[in-house]
Amino acid sequence: MARRARIAHAGRAVWATVSEDGTALALAGGGSVAADEAQWLPPVTPGASIYALGLNYADHNRELGFAAKQAKPLVFLKGGNALVGHGGTTPRPADANQMHPECELVAVIGRPARNVSEAEALDYVSGYTVANDYAIREYLENYYRPNARVKNRDATTALGPWIVDAADVPNPQALSLSTTVNGQEVQHGSTADMILSVAGLVEYLSGILTLMPGDLILTGTPHGVHFCAAGDEVVTEISGIGRLVNRLEAA
Amino acid sequence: MIVSGTIYGVVLNDADERAALADAFNADPYKAPPQAPVVYIKPRLCATVGGAPVPLPAGESEVTVAATVALLFGRDATAGSEDAALSHVEAACLALDVSLPSASYYRPAIAERCRDGFLPLGHAGDVCLPDEIVTFVDGVEAHRWPLSRLVRSAEKLIAELSSFMTLQAGDLLLIGLPGEAPRARAGQSVRVEAEGFAPIAVSITTEAALAEVA
């Protein structure tokens, strides 16, 4: 399985190749770093556009009181400030009593994509990673919802630990997702339940704009809203992709 | 202009537009007036410098052309005060925020605002804010707006935004759009001017016409 991680090493951000057993990160110039000592960064090309989906799982939509399928996909964008790598911490404001994690499959674009059909769309995806895209429901407003105060806060989108090559993910619509908080499972679902598949999302977005190499598509989250506290360890995991650890700290 | 980060903009920062929408804000789907600044993000492929034509997608007859000022951050602004806000900004330029006409502010307007080439920028200069911005369509003045109409000044906007999200070095911030921005059709030219700024001059074309040239 081919996996690449972005880490801070010897004073700079570098891409490293993850060993088959996951214990070592091989550096491009030779040598390696032990995975449990690595400073993980979000595995993202600097300057990439970050697209995210709301309401893309029918069960989650019913949970939130929305129609199972929206008239058109709910897409929003995120800035680079929102990202934080594996093993990182996310600030939880003191008044954010309704802050909840969201486990999401992330598709990484590998070639410029414009007006791509769903049938060809996966040829434009180079890999997959995991996101934990926190939301804070108290801060929701009905203007460009989900608004920036909910979804574009610093370090509230954990990403990683690595990107798995698309060749190693034969069917992105058959992956199980789960979230645990302090070891207790609070969210469980399958990418089979996505309303618009990865391929459908590439078709939809590329019909509007050009998706560029490195761009990310966060594909939405299934059922399971669990409010978290400062100090909680939150783990989002997708089968065949990775296990992403994050901790909430009081802010 | 080196935009290495995220391009942010705000809508509903025009006092005249807010006054016109006061009743609508209390009705569905909004239910209450906006509290925090209403932010949108434009992908970097929106931005063009040097007058690249703006492509209309098939089936669309016109675009809204909203002139504003873009501020380029040179230092991270985090939880900044209003007084120090502009000290994080190291360049400014005119910007023409292009969108497909839409009356709704309920959901992020991706299909309307995020298209390739939908953000012509002028050449950057030192940080300053003009009194007013004038837009010409086919050489005729089509719109003029004084920045005194901004609900939140640039300083106040930076202070409030940075209270919940860092505006990072390399990010661009569009400080507000006029609610009654003019429209332009394919074949028309649009020019934006403001004292102290390099102007923007672009033409509106179609995606089909651009594809033929390519």
Side-chain angles (χ1 to χ4, degrees), chain A residues 45-55 66 70-83 91 93 96 109 112-115 136 138-157 201 204-216 251, chain B residues 2-12 21 25 27-46 57-58 76-79 100 104-118 160-168 170-173 207 211:
Chain A
T45 306
S49 291
I50 307 166
Y51 301 92
L53 268 288
L55 305 177
F66 287 97
Q70 299 291 294
K72 66 175 183 177
L74 169 53
V75 180
F76 56 99
L77 282 89
K78 306 176 79 80
N81 65 303
L83 300 179
I109 299 298
R114 181 79 172 100
N115 291 323
I136 301 177
E138 287 102 328
Y139 300 161
L140 279 169
E141 291 189 63
N142 290 323
Y143 296 89
Y144 284 171
R145 174 175 170 152
N147 42 306
R149 194 162 167 247
V150 177
K151 281 292 184 183
N152 203 55
R153 310 178 68 82
D154 290 357
T156 53
T157 305
L201 291 170
Y204 175 73
L205 286 169
S206 77
I208 296 170
L209 47 82
T210 307
L211 291 168
M212 290 296 282
D215 284 355
L216 306 178
Chain B
I2 300 172
V3 182
S4 61
T6 306
I7 302 171
Y8 294 105
V10 288
V11 292
L12 298 175
L21 292 174
F25 287 158
D28 284 341
Y30 308 119
K31 296 184 171 71
Q35 300 299 315
V38 181
V39 178
Y40 59 95
I41 293 174
K42 296 190 86 131
R44 272 207 262 165
L45 284 191
C46 290
D76 287 10
T78 302
L100 301 179
S104 175
Y105 291 109
Y106 178 47
R107 291 300 190 188
I110 306 304
E112 293 80 8
R113 292 199 177 280
C114 294
R115 294 174 180 272
D116 299 359
F118 268 31
E160 288 196 31
L161 288 173
S162 65
S163 73
F164 63 85
M165 55 183 241
T166 298
L167 292 160
Q168 298 180 312
D171 287 349
L172 198 66
L173 175 64
E207 288 185 4

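Naming: A, B, ... by sequence-line order, numbering from 1 per chain.
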Among Thr156(A), Asn142(A), Asn152(A), Leu74(A), the residue with the most heavy-atom pairs under 4.5 Å to chain B is Asn142(A)
Given Val39(B), Val11(B), Thr166(B), the one with more heavy-atom pairs under 4.5 angstrom with chain A than any other is Thr166(B)
Heaviest contributor of heavy-atom pairs below 4.5 Å to chain B, chosen from Leu77(A), Leu209(A), Ile50(A), Asp215(A), is Leu77(A)
Bottom line for Leu167(B): the part with an atom under 4.5 Å from chain A's heavy atoms is neither
So, the part of Lys72(A) with a heavy atom under 4.5 Å from chain B: the answer is side chain
One option among Arg107(B), Met165(B), Arg115(B) has the most heavy-atom pairs under 4.5 Å with chain A, and it is Arg107(B)
Find out whether Cys114(B) and Tyr40(B) are in side-chain contact, i.e. whether some heavy atom of one side chain is under 4.5 Å from a heavy atom of the other.
no
If one checks every heavy atom of Tyr139(A) against chain B at 4.5 Å, the contacting part turns out to be neither
Whatever's closer than 4.5 Å to a heavy atom in chain B on Asn147(A) counts as neither
Whatever's closer than 4.5 Å to a heavy atom in chain A on Ala32(B) counts as backbone
Residues Arg153(A) and Arg149(A): closest non-hydrogen pair is NH1-O, 3.0 Å
Cut-off 4.5 Å, heavy atoms of chain A, and the answer for Phe118(B) is neither
Whatever's closer than 4.5 Å to a heavy atom in chain A on Glu160(B) counts as neither
message: Quick check on the 6.0 Å ring-centre criterion: do Tyr143(A) and Tyr30(B) meet it?
response: yes
If one checks every heavy atom of Leu55(A) against chain B at 4.5 Å, the contacting part turns out to be side chain
